[in-house]
Amino acid sequence: MQTQLLKIALTTALFAGAAHAVTLNDAKVAFRAGNWKVLRIIDPMTDKINCAGIYKDDNSIQLSADNLIIGVQGGVGLVTLRYGDEPAKDFRLAQDMERRLRAVIISGTDFQELAGSKRLRYSVLTALDNSVSGDLNLEGFEAALSNIRSGCPIQEVDSAQQKSDSVGASACNEDLVARMRTQGIKEDQIQAICR
């Protein structure tokens, strides 16, 4: 268990370290499936590739090869998880790493159970005695996880998608698109604006 927690801390540190050098907004989208996109983050100092799955453009929900991390404002005190239509698990106290990261960490056998589910519901009693809950539609989870475990190769875009993207971008010139990116506007928002 201690080894697993160390691995989670290292994974989180990699994401955080890569985020300092290259923000998640600057990372290249390698793959999209359902509600997930996989970011390919290249550390500019080591050229090491890190992969992070992001749920519905919410950077506080990150998927790695063997865990799902859900950031919770206010910290984590008690956690209850429900996979698919199965009954909710008994609540559990937050692990030390969860308290330090202020995030729910789903790993080990819980992660294996998550991988076979279509939906995740969670409820957290925060360290401030507030209740936070969420409901994740896991459509695309398996495909995103597979891409991450493969080293997040860039997804090939079919010709219909390329045509749609080029038509969508035709209303904006390259300079305008570049300025929108520097302002932190997300790629899907840019495409919607330029259509």
Gap between atom [atom2] of [Y] and atom [atom1] of [X] - 0.5 Å precision:
{"X": "Asn67", "Y": "Leu114", "atom1": "CG", "atom2": "CG", "answer": "10.5 Å"}
{"X": "Leu136", "Y": "Leu120", "atom1": "CG", "atom2": "CG", "answer": "5.0 Å"}
{"X": "Lys37", "Y": "Leu63", "atom1": "NZ", "atom2": "CG", "answer": "13.5 Å"}
{"X": "Leu145", "Y": "Ser64", "atom1": "CG", "atom2": "OG", "answer": "8.5 Å"}
{"X": "Asp58", "Y": "Asn35", "atom1": "CG", "atom2": "CG", "answer": "11.5 Å"}
{"X": "Arg100", "Y": "Asp96", "atom1": "CZ", "atom2": "CG", "answer": "4.0 Å"}

Using every non-hydrogen atom in the two residues, find where [X] and [Y] come nearest and quote the distance to one decimal.
{"X": "Arg32", "Y": "Gln155", "result": "N-OE1, 3.1 Å"}
{"X": "Gly53", "Y": "Ile148", "result": "N-CD1, 3.6 Å"}
{"X": "Cys51", "Y": "Gly151", "result": "SG-C, 3.4 Å"}
{"X": "Ala103", "Y": "Gly71", "result": "CB-CA, 3.9 Å"}
{"X": "Gln73", "Y": "Thr126", "result": "O-CG2, 3.7 Å"}

request  = Using a strict cut-off of less than 4.0 Å between a Lys/Arg side-chain nitrogen and an Asp/Glu carboxylate oxygen, indicate whether Glu86 and Arg119 qualify as a salt bridge.
outcome  =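 The answer is no: the pair does not qualify as a salt bridge.
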Would the distance check show the side chain of [X] and the main-chain N or O of [Y] forming a donor-acceptor pair, the cut-off being under 3.5 Å?
{"X": "Glu98", "Y": "Ile105", "value": "yes"}
{"X": "Asn147", "Y": "Pro153", "value": "yes"}
{"X": "Ser150", "Y": "Cys152", "value": "no"}
{"X": "Gln62", "Y": "Leu68", "value": "no"}
{"X": "Arg92", "Y": "Val79", "value": "no"}
{"X": "Ser107", "Y": "Phe111", "value": "no"}

query = For residues 100-144, which residue pairs qualify under disulfide (SG to SG under 2.5 Å), counting only residues two or more places apart or in two chains?
reply =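 Listed once each, the pairs would be none.
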pair [X]-[Y]: side-chain heavy atoms closer than 4.5 Å:
{"X": "Val38", "Y": "Val29", "value": "no"}
{"X": "Lys118", "Y": "Asn137", "value": "no"}
{"X": "Lys48", "Y": "Ile42", "value": "no"}

inquiry  = Which residues pass the ring-ring contact (aromatic ring centres under 6.0 Å, His included) test with Tyr55, not counting sequence neighbours?
reply    =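 With neighbours one apart ignored, the set is Trp36.
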query = Do other residues, nucleotides or ligands put more than 12 heavy atoms under 6.0 Å from Arg121 CZ?
reply =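 Yes - once you tally the heavy atoms of other residues, nucleotides and ligands closer than 6.0 Å, there are more than 12.
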query = What do you reckon, is CG of Asp135 surrounded by more than 12 foreign heavy atoms closer than 6.0 Å?
reply =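 Yes, because the 6.0 Å sphere around CG of Asp135 holds more than 12 heavy atoms from other groups.
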key: Qualifying ring pair (Phe, Tyr, Trp, His ring centres under 6.0 Å) pairs, either residue in residues 76-101, two or more places apart   =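 Ring pair (Phe, Tyr, Trp, His ring centres under 6.0 Å) check on residues 76-101 returns no pairs.
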inquiry  = Quick one, Thr109 with Glu113, criterion side chain to side chain contact (heavy atoms under 4.5 Å, CB included). Give me CA distance, side-chain angles, the key distance, then yes/no.
reply    = CA-CA 6 Å; Thr109 56; Glu113 192 170 351; over 6 Å; no
ask   = Hey, which of Val124, Asn130, Leu125 is the one that makes side-chain contact (heavy atoms from CB on, under 4.5 Å) with Val72?
value =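 Passing option: Val124.
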inquiry  = Determine whether Glu139 and Lys56 satisfy the following criterion, salt bridge (Lys or Arg N to Asp or Glu O under 4.0 Å), listing intermediate values before the conclusion.
reply    = CA-CA 11 Å; Glu139 179 185 347; Lys56 288 189 173 180; over 6 Å; no
